[in-house]
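Data block below; observations after.
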Amino acid sequence: MPNILGYLKIYIIPTKYSPSDIRQLSAELTIHGGQLIDHPERADIILTRLMGRKRLALALDPTLIDSKIVVLDRWLADCIAHEALLDHRPYLVPPDHSSQPTHKWPRKQTASPSTRPPNQHNNTRSPSDHNPFKTTSPALILASFPATEKSIEPSTLPRLACCRKSPSICINQLLIEELDVIRVWKENGEDDTLESDLNQAGKKDDEKHALAYSRACSALKAYPTKICSVSEAQVIPFIGPKIALQIGEYLSTGQIKLSQTLRTSVRLRSILLFQTLHGVGSRLSREFYDIHDCRTLEDVANARPSLKVQVTYWSDLQTPIPRYEVPLIAKFLSDELEMISPGCIHTICGSYRRGREYSNDVDIVFTYPAMNRSSKVSSQVLDQLVDRLRTLSALTDILSGSSIGSNALRGLHQRFIMMSLPRQTRQIRVDIIFAPYEIYWVCVVGWTGSTMFERDIRKHANGLNLKFASHGISRLSDGSEIAVSQEKGEPAVFEALGLEWIEPTERNADV
DNA sequence: CAGACAGCGCATCAGC
DNA sequence: GCTGATGCGC
DNA sequence: GTCTG
């Protein structure tokens, strides 16, 4: 009997099961390599027969609903039927509401189409249980890789992120997340207090080290097979002796001690908590902690009153936006835009476009086929849209964006706003970008990310004596523009840069 | 071994 | 009020 | 911290 479940720890919510049902399930999953455990908090994956989040909330600790993978028990039956560890995502509770179903395998029984408005206020978070560090369950990783993996020669991995395929979650995800903790630490000046690195000598080193960790993680992200030895890791680009040592520790103990220590560091956790506010980066957050002795978001709000508004809707900002909700925002905005001036087209970019199940914000690039660079219409239309949102009471706050500045001169306009949909109170961060039609697809590439992918596009462009920016592609020599056909869509941008096409969902070159 | 590491727009603020 | 430096975000 | 010239 094949070991389908790969020693996954599985917990079953007993509601709606008879004792004999449980015994039956237990036997089945044990035969296929799973482990039935009796504490949900230790589980990799949780099975249930409950069809809606409301019912679920009565049967399971709400913090577990958010932190664990909870799937319909049909997932187990289908895994056994297909003799493979299937992607759990189509089986999540509640099911995906998006118009394009993400499931590859047929479900005999679809969950009740509960059309509860997607207002997530029942799982409001508080700063005290804010966990700044990513943790991906092993189940999620295993389930993302049911297919056969082809091995590659590590040294042949392309050196630029824009030339490799980087999935949203990769086979070495847990290792990467362990390394990423160290990256974050370095990015925030290790344990230097603000005073000691005001003499900028050490600080810059740390930033470079952080960048090195980013690149190592990025390379690992595109590496197709599970790393089994240090010697294997060492030949992957951007993994040198130091990081190889950390990987060695991970391979023998399953974790990196430094990372585990950092995860519990009160100072680092506070500093990262402060950085969840827009406009607060590593410098400011350390100032708040070390000089103003801030320990909570309220302390920060007192130290800098301009941040008070953000603290009031902080829990909304921390609540991830489920995938199916993102197009609803875009549709709302484009409908409003149609009323102001018909004929607009748009692309939802950011992490949504890269295929993430949850997003922190929504990035939308708008254009009008009739809107060219020289027209001043676009900024007017954008202002009108913002005004319209204001009169609809949908607009909460403008975080950034002005009608002046050289970007505006180039025809590119943007507003970063906080808004809510009509009849909802939940606040969502939306980045609205207006691009002239000539650079629409360049702009879409620029706003799709990920960060590492963008960096390496620029690097690649420089190698060709070109300059890539979200407001166009030009020659480095004389600054003259390279025209990109808008009719051919996004692939034309890659073509203009001499790049192989990479699907948006394969551009997840960050952790 | 030294130098590079993406690169630009926007906000804020010190110093004039 | 202007200007340049710095921090921040993407 | 790692790679390149």
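Residue numbering restarts at 1 for every chain, and letters A, B, ... go by the order of the sequence lines. Everything quoted here is computed from the prediction, not taken from an experiment. Only heavy atoms go into these numbers, but all of them, side chains included; no hydrogens, no water, no symmetry mates.
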Between the base of B:dC5 and the side chain of A:R215, is there a donor and acceptor pair under 3.5 angstrom?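 Flag set: donor-acceptor pair detected.
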
Using a cut-off of strictly less than 4.0 Å, decide whether A:R458 has a side-chain nitrogen or oxygen near OP1 or OP2 of B:dA6.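 For B:dA6, OP1/OP2 do not have a side-chain N/O of A:R458 under 4.0 Å.
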
With heavy atoms under 4.0 Å as the rule, sort [X] into base, sugar-phosphate or nothing.
X: A:N462; value: sugar-phosphate
X: A:L277; value: sugar-phosphate
X: A:Y213; value: sugar-phosphate
X: A:R159; value: sugar-phosphate
X: A:R183; value: nothing
X: A:L284; value: sugar-phosphate

Between A:D383 and A:R415, does any NZ, NE, NH1 or NH2 come within less than 4.0 Å of an OD or OE carboxylate oxygen?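 Salt bridge: yes.
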
Presence of salt bridge, A:R390 and A:D387, under 4.0 angstrom: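 Salt bridge present between A:D387 and A:R390.
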
Look at the side chain of [X] and decide which nucleotide, out of [options], has an atom nearest to it.
X: A:R429; options: C:dC10, B:dA6, B:dC5; value: C:dC10
X: A:T451; options: D:dG1, D:dC3, B:dA6; value: B:dA6
X: A:R283; options: B:dC5, D:dT2, C:dG7; value: C:dG7

Across all strands, who's sitting opposite D:dT2 as a Watson-Crick or G-U wobble pair, both distances under 3.5 Å?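 The answer is B:dA4, by the H-bond criterion.
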
Expressed in angstrom and rounded to an integer, what is the separation of A:K459 atom NZ from B:dC5 atom P?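 These atoms are roughly 8 Å apart.
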
Could you state the CG-P distance from A:L211 to D:dC3, rounded to the nearest angstrom?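 So the CG-P distance, A:L211 to D:dC3, works out to 12 Å.
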
Under 3.5 Å, is there a donor-acceptor pair between the A:E503 and A:W501 side chains?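 Judged by distance alone, the side chains do pair up.
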
Hey, is the main chain of A:W441 close enough, under 3.5 Å, to the side chain of A:Q486 for a donor-acceptor pair?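 Checked: pair present.
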
